[in-house]
Amino acid sequence: MSGHRTTGSRSTGPEVTTVHLVRHGEVFNPSKVLYGRLPGYRLSETGERQAKVTAEYLAGFDVAAVVASPLDRARQTATPIAEAHGVPLQVDPRLIESRNAFEGRTFEAGPAVFRYPAMWKLLRNPLTPSWGEPYTEIAGRMLGSVAEWRDAYRGRHVVLVSHQLPVWIARRALEEQHLWHRPDRRQCALASVTSAVYVSGELLRVEYSEPNGPTANAPGSVGA
């Protein structure tokens with residue numbers, strides 16, 4: 001439910017715990033490289049503004065912990081959120097971007113690959129996908145992180161800052177949808193917030209908000 005927010009206050013009713021999965025902001029990438037896990041890719045000026053807007057959106061929640069992927073762009077996005085709540089920024093390697101065989105190139109899995117016969121084999125199974133980290137592995141590590149941080153701060157809010165594909169796969173797994181999908185149909189805008197709401201440890205619903213508005217899943221979005 002885009003734009004819907006759960007309460008940040010504690011209540012005497014059932015124990016409600018919310019884990020917010022935040023996608024990082026826009027990255028400075030003038031060469032349009034599929035950067036994936038490559039080091040050195042940081043937020044653009046727009047990305048820094050997006051991070052602040054998302055921090056403002058989350059400011060009213062009772063956030064007990066802010067945790068980020070080890071990559072620079074995720075930690076940069078998480079920093080203003082952690083500062084707003086007076087908590088240390090923690091890092092969880094399970095939140096890292098997915099592995100991808102096209103990392104470092106200027107094209108991704110799609111029609112452009114047919115110009116490079118040596119890479120055709122990477123397209124043999126888009127349901128896995130054959131060009132990168134299996135969706136099942138992404139789901140496993142992301143849901144493991146969600147569960148651990150949820151259980152560590154029952155009755156409060158936790159923010160996990162990650163990347164587009166891991167966040168989207170986590171959402172599909174939580175909603176018990178098949179993990180393979182069309183990349184251009186991901187609902188995971190830059191600096192967006194996907195929230196898993198638990199009551200007494202059981203998933204009640206998944207919510208989605210775009211504090212910075214929608215952003216297109218344009219070609220070159222791998223590693224975003």
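Index from 1, following the sequence.
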Would you call [X] and [Y] a side-chain contact if the rule is heavy atoms closer than 4.5 Å?
| X | Y | value |
| --- | --- | --- |
| L122 | F102 | yes |
| L165 | E97 | yes |
| T18 | V16 | yes |
| L43 | R75 | no |
| T54 | V22 | yes |
| M119 | F107 | yes |

Exercise. Are the side chain of R124 and the backbone N or O of K121 linked by a donor-acceptor pair below 3.5 Å?
Worked result: yes
For this session: Evaluate the criterion side chain to side chain contact (heavy atoms under 4.5 Å, CB included) for residue pair V197 and L203; output intermediate values, then yes/no.
Result: CA-CA 6 Å; V197 182; L203 182 67; 5.7 Å; no
Do you know which two heavy atoms are closest between [X] and [Y], and how far apart they sit?
| X | Y | value |
| --- | --- | --- |
| G213 | A189 | O-CB, 3.9 Å |
| P134 | P129 | CA-CD, 4.2 Å |
| V66 | V63 | CG2-CG1, 3.8 Å |
| V27 | R73 | CG2-CD, 3.3 Å |
| P211 | S192 | CD-CA, 4.2 Å |

Going only through I, L, V, M, F, W and Y residues with side-chain contacts under 4.5 Å, is there a path from [X] to [Y]?
| X | Y | answer |
| --- | --- | --- |
| V53 | I81 | no |
| L190 | W168 | no |
| L71 | L34 | no |
| L143 | I96 | no |
| V167 | V19 | yes |

Problem set entry | Candidate pair H24 and Q76, rule side chain to side chain contact (heavy atoms under 4.5 Å, CB included), full reasoning | CA-CA 8 Å; H24 63 75; Q76 277 186 285; over 6 Å; no
Pair up each side-chain donor or acceptor in residues 83-94 with any protein partner under 3.5 Å, not counting sequence neighbours, and list the distances.
{"from": "H85", "atom 1": "NE2", "to": "L58", "atom 2": "O", "distance (Å)": "3.1"}
{"from": "D92", "atom 1": "OD1", "to": "R94", "atom 2": "N", "distance (Å)": "2.9"}
{"from": "D92", "atom 1": "OD1", "to": "R94", "atom 2": "NE", "distance (Å)": "3.1"}
{"from": "D92", "atom 1": "OD2", "to": "R94", "atom 2": "NE", "distance (Å)": "3.2"}
{"from": "D92", "atom 1": "OD2", "to": "R94", "atom 2": "NH2", "distance (Å)": "2.9"}
{"from": "D92", "atom 1": "OD2", "to": "S145", "atom 2": "OG", "distance (Å)": "2.9"}
{"from": "D92", "atom 1": "OD2", "to": "W149", "atom 2": "NE1", "distance (Å)": "2.9"}
{"from": "R94", "atom 1": "NH1", "to": "E148", "atom 2": "OE1", "distance (Å)": "3.3"}
{"from": "R94", "atom 1": "NH2", "to": "E148", "atom 2": "OE1", "distance (Å)": "3.2"}

Let me confirm one number: the [atom1]-[atom2] distance from [X] to [Y], rounded to the nearest 0.5 Å.
| X | Y | atom1 | atom2 | value |
| --- | --- | --- | --- | --- |
| L21 | L95 | CG | CG | 8.0 Å |
| T77 | Q50 | OG1 | CD | 8.5 Å |
| T17 | D62 | OG1 | CG | 10.5 Å |
| L38 | N29 | CG | CG | 10.0 Å |
| R42 | D72 | CZ | CG | 5.0 Å |

Exercise. Taking NZ, NE, NH1 and NH2 as the nitrogens, is one of them in R23 or E210 under 4.0 Å from a carboxylate oxygen of the other?
Worked result: no
Problem set entry | Partner set under salt bridge (charged side-chain N to carboxylate O under 4.0 Å, His left out) for R150, not counting sequence neighbours | none
Problem set entry | For R154, all residues meeting salt bridge (charged side-chain N to carboxylate O under 4.0 Å, His left out), sequence neighbours excluded |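 R154: salt bridge (charged side-chain N to carboxylate O under 4.0 Å, His left out) contacts with E15, D151.
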Would you say [Y] and [X] are linked by a side-chain donor-acceptor pair, where the criterion is simply a distance under 3.5 Å?
| X | Y | result |
| --- | --- | --- |
| S69 | H163 | yes |
| Q187 | R171 | yes |
| Y208 | S195 | no |
| E26 | S44 | yes |

Exercise. Under the criterion side-chain contact (heavy atoms from CB on, under 4.5 Å), which of M142, E103, R141, Q164 is the partner of S98?
Worked result: R141
Problem set entry | Worked verdict on V67 versus V161 for side chain to side chain contact (heavy atoms under 4.5 Å, CB included) | CA-CA 6 Å; V67 189; V161 182; over 6 Å; no
For this session: Apply side chain to side chain donor-acceptor pair (under 3.5 Å) to R172 and H181, showing your working.
Result: CA-CA 9 Å; R172 294 186 71 85; H181 62 280; 4.7 Å; no
Exercise. Can the ring centres of Y135 and H178 be said to be less than 6.0 Å apart?
Worked result: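 No: the rings miss the under 6.0 Å criterion.
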Exercise. Given Y41 and F28, is the ring pair (Phe, Tyr, Trp, His ring centres under 6.0 Å) satisfied, shown in steps?
Worked result: CA-CA 7 Å; Y41 284 88; F28 181 70; 9.0 Å; no
Problem set entry | Among Y198, Y153, F61, Y57, ring-ring contact (aromatic ring centres under 6.0 Å, His included) partner for H20 | F61
